[in-house]
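Notes to accompany the following structure.
Nothing fancy with the numbering, it's 1 onward along the sequence.
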Amino acid sequence: MKKGQEYIGVVDRVNFPNKGIVRIEGFQEEDQKEEDKEEDKPSLPQVKIVVKDVLPGQTIKFRLTKNASGRKEGRLLKVVTPSEREGRVPPCPHFGSCGGCAYQTMPYKEQLRLKEEQGKQLLQGFLKEETIWEGILGSPREFRYRNKMEYSFGDEVKDGEITLGMHKKGSFYDVLTTDQCQIVEEDFNRIVNGTLKIAKEFGLTYYHKITHSGYLRHLLVRRAIKTGEILVHLVTTSAWEIMNKKEDEFFSVWKNTLLSTCLDGRIKGIVHTINDRVADVICTDSTKVLFGEDFFFEELLDLKFKISSFSFFQTNSLGAEVLYRKVREYIGGTKDKVIFDLYSGTGTIAQLLAPVAKKVIGVEIVEDAVEAARDNARRNGLLNCEFLAGDVLQVLDTMKEKPDYIVLDPPRDGVHKKALEKIIGYQVERMVYISCKPTSLARDLELLCGAGYKVEKVCMVDMFPETVNVEMVCLLSKLHADHHIEVELQMDLI
């Protein structure tokens, strides 16, 4: 096989999160042994290639992009024959161009079945006879479920007109205007359209990642599912092209346009942030509230939470209720127990556990999230919650109290190895690990199981319908001295 050439193959399976394993039948590698070419030998898959954005059972056409170090990768060009799992027309007009949703051609039941297969295959080395596999719980909403979107300004083609939306599939630069997105409330699409319209009227430029010039960078929209409150946040550079008074005029027109837009929800705040940093991430050098407040409220399981623009909160509010019910179930009886909620964000899990625990201590590195957690706990009348700001790796060394149980809800990359070793050192009887990236969970389970924990229960929760992502909740219990556990890992390089 040669790099740059096109081939046709069949997708055998898709490994989490999006790695299609493609088989080319009857293809003979140049260095294949002569005895393997005998006609009386059974026909076996001889070449396997990793191709993203595919589904099991599809016949696809792809271009080979990598053929080195025993690894072959390709880029999807065309689906020649659909999979039997497919069966519907994608409901979103941006499907295929936008890099967000990949599973829209599959009915939702098939999406759940595929994700469960992937999750079980990923953790198979940790699942023993006594392990309870609880399958996957679907999102209460398949569409219109997201409560947060971060949009980018750019252009769809080089030197084209300004756009506002999501990056095109496989592109770091091209931005597609996604004003008919199906996984957000229609209010998001109306705000995108109104903002883009005013930006064009004022002739504003977007921030170029290569030249580091331009004005508009990002639009952040958050909308509470339960309360309907909306926070709109525009991120720009300080490089206003015209005059300061024109900048004031732009923000006045933009603000009034948003406030006069017919929305199903209610705008709680409109905020402007200046960010002159080179990195293409949403952060702040200075912030100005143009209308209302720089926060809004959401409700989960009879508790109320204050959320700011940059604080972490589950992007699927209704799905989060499903997830957190499962966490409460897994953690079990907590009377007179001290619980550590590590990577606690705005303290959602801590506050859900606090009413039935002696004390809950949350640790979170984002200071704004910690302040929000403290504020939320006071608002919900919870006096037995304590929230500490800092890196879990460092904060654990300063804590005098010892936990009875531990809840882990780390970012996508999982738990730092040294932090995990300190966590293991507490030797708690039960631990609940919540993962938004199951591959990171699988890596951390290797260390946890090697240190004497066993996987007791596993449940997947689909927080991200139409996409390749999924959450996984894992209950671990401490093995006693007269027990041991053997872990067999099968490392599939492709």
Side-chain angles (χ1 to χ4, degrees), residues 14 17-18 53 55 82-83 85-116 118-119 135-152 164-169 175-196 219-232 261-266 296 298-300 307 313-326 436 460-472:
V14 178
N18 192 24
D53 302 318
L55 297 175
S83 166
R85 294 188 168 197
E86 298 178 89
R88 72 177 184 187
V89 176
C92 181
H94 307 303
F95 178 80
S97 299
C98 172
C101 301
Y103 287 169
Q104 287 198 16
T105 58
M106 286 194 297
Y108 191 45
K109 286 185 178 180
E110 284 297 324
Q111 295 180 34
L112 294 176
R113 189 160 71 92
L114 176 58
K115 290 182 180 184
E116 182 178 358
Q118 292 175 332
I136 186 168
L137 300 175
S139 170
R141 288 187 184 180
E142 181 184 355
F143 298 102
R144 311 296 187 197
Y145 64 85
R146 282 191 67 96
N147 58 34
K148 174 186 176 183
M149 286 292 275
E150 298 175 357
Y151 300 100
S152 297
L164 173 59
M166 310 304 292
H167 285 270
K168 292 181 71 173
K169 183 185 293 185
V175 174
L176 180 73
T177 296
T178 50
D179 56 355
Q180 299 181 64
C181 178
Q182 300 295 300
I183 61 174
V184 295
E185 296 274 8
E186 191 58 38
D187 285 348
F188 284 74
N189 298 325
R190 294 165 181 153
I191 290 169
V192 166
N193 272 324
T195 301
L196 185 59
L219 177 72
L220 173 61
V221 183
R222 305 189 79 154
R223 183 189 188 278
I225 298 293
K226 297 288 188 68
T227 67
E229 294 181 343
I230 302 170
L231 185 62
V232 186
T261 300
C262 183
L263 301 172
D264 297 321
R266 178 177 65 87
F296 69 104
E298 179 62 298
E299 297 172 358
L300 286 182
I307 304 168
F313 197 80
Q314 290 284 358
T315 55
N316 182 343
S317 298
L318 299 179
E321 291 188 322
V322 176
L323 177 70
Y324 294 147
R325 285 192 188 99
K326 183 57 64 175
C436 59
M460 301 177 71
V461 181
D462 187 24
M463 301 282 284
F464 317 101
E466 315 310 313
T467 78
V468 302
N469 299 306
V470 69
E471 295 259 351
M472 191 172 277

Under 3.5 Å: donor-acceptor pair, side chain of [X], backbone of [Y]:
X      : Y      : answer
Asp462 : Val470 : no
Asn469 : Phe464 : no
Arg88  : Gln104 : yes
Glu299 : Thr227 : no

Partner set under salt bridge (Lys or Arg N to Asp or Glu O under 4.0 Å) for Arg141, not counting sequence neighbours: Glu185
Please test Ser139 against Val322 for side-chain contact (heavy atoms from CB on, under 4.5 Å), starting from the C-alpha separation and ending with a verdict. CA-CA 8 Å; Ser139 170; Val322 176; over 6 Å; no
For [X] and [Y], work out which heavy atoms get closest and say how close.
X      : Y      : answer
Met166 : Tyr151 : SD-CD2, 4.0 Å
Tyr145 : Pro465 : OH-O, 2.8 Å
Val468 : Lys115 : C-CE, 4.2 Å
Thr178 : Gly165 : OG1-CA, 3.4 Å
Ser152 : His167 : OG-NE2, 3.7 Å
Leu164 : Leu219 : CD2-CD2, 3.8 Å

Contact check, side chains of [X] and [Y], non-hydrogen atoms, under 4.5 Å:
X      : Y      : value
Val221 : Val184 : no
Glu298 : Arg222 : no
Lys148 : Leu220 : yes
Cys92  : Phe143 : no

Quick check for you: to the nearest 0.5 Å, what is the distance between [X] atom [atom1] and [Y] atom [atom2]?
X      : Y      : atom1 : atom2 : result
Lys226 : Asn147 : NZ    : CG    : 11.5 Å
Glu321 : Gln314 : CD    : CD    : 11.5 Å
Glu86  : Thr105 : CD    : OG1   : 3.5 Å
Arg144 : Gln182 : CZ    : CD    : 4.5 Å
Ile183 : Glu466 : CD1   : CD    : 8.0 Å
Leu323 : Met463 : CG    : CE    : 5.0 Å

side-chain contact (heavy atoms from CB on, under 4.5 Å) assessment of Ser317 paired with Leu300: CA-CA 7 Å; Ser317 298; Leu300 286 182; 4.2 Å; yes
When Arg190 is tested against each of Thr195, Thr261, Asp264 for side chain to side chain donor-acceptor pair (under 3.5 Å), which residue passes? Asp264
For residues 94-112, which residue pairs pass the salt bridge (charged side-chain N to carboxylate O under 4.0 Å, His left out) check, not counting sequence neighbours? Arg85-Glu110, Glu110-Arg113
Please set out all donor-acceptor pairs under 3.5 angstrom arising from side-chain atoms of residues 93-103, sequence neighbours excluded.
residue: His94; atom: NE2; partner: Asp179; partner atom: N; Å: 3.4
residue: His94; atom: NE2; partner: Gln180; partner atom: N; Å: 3.0

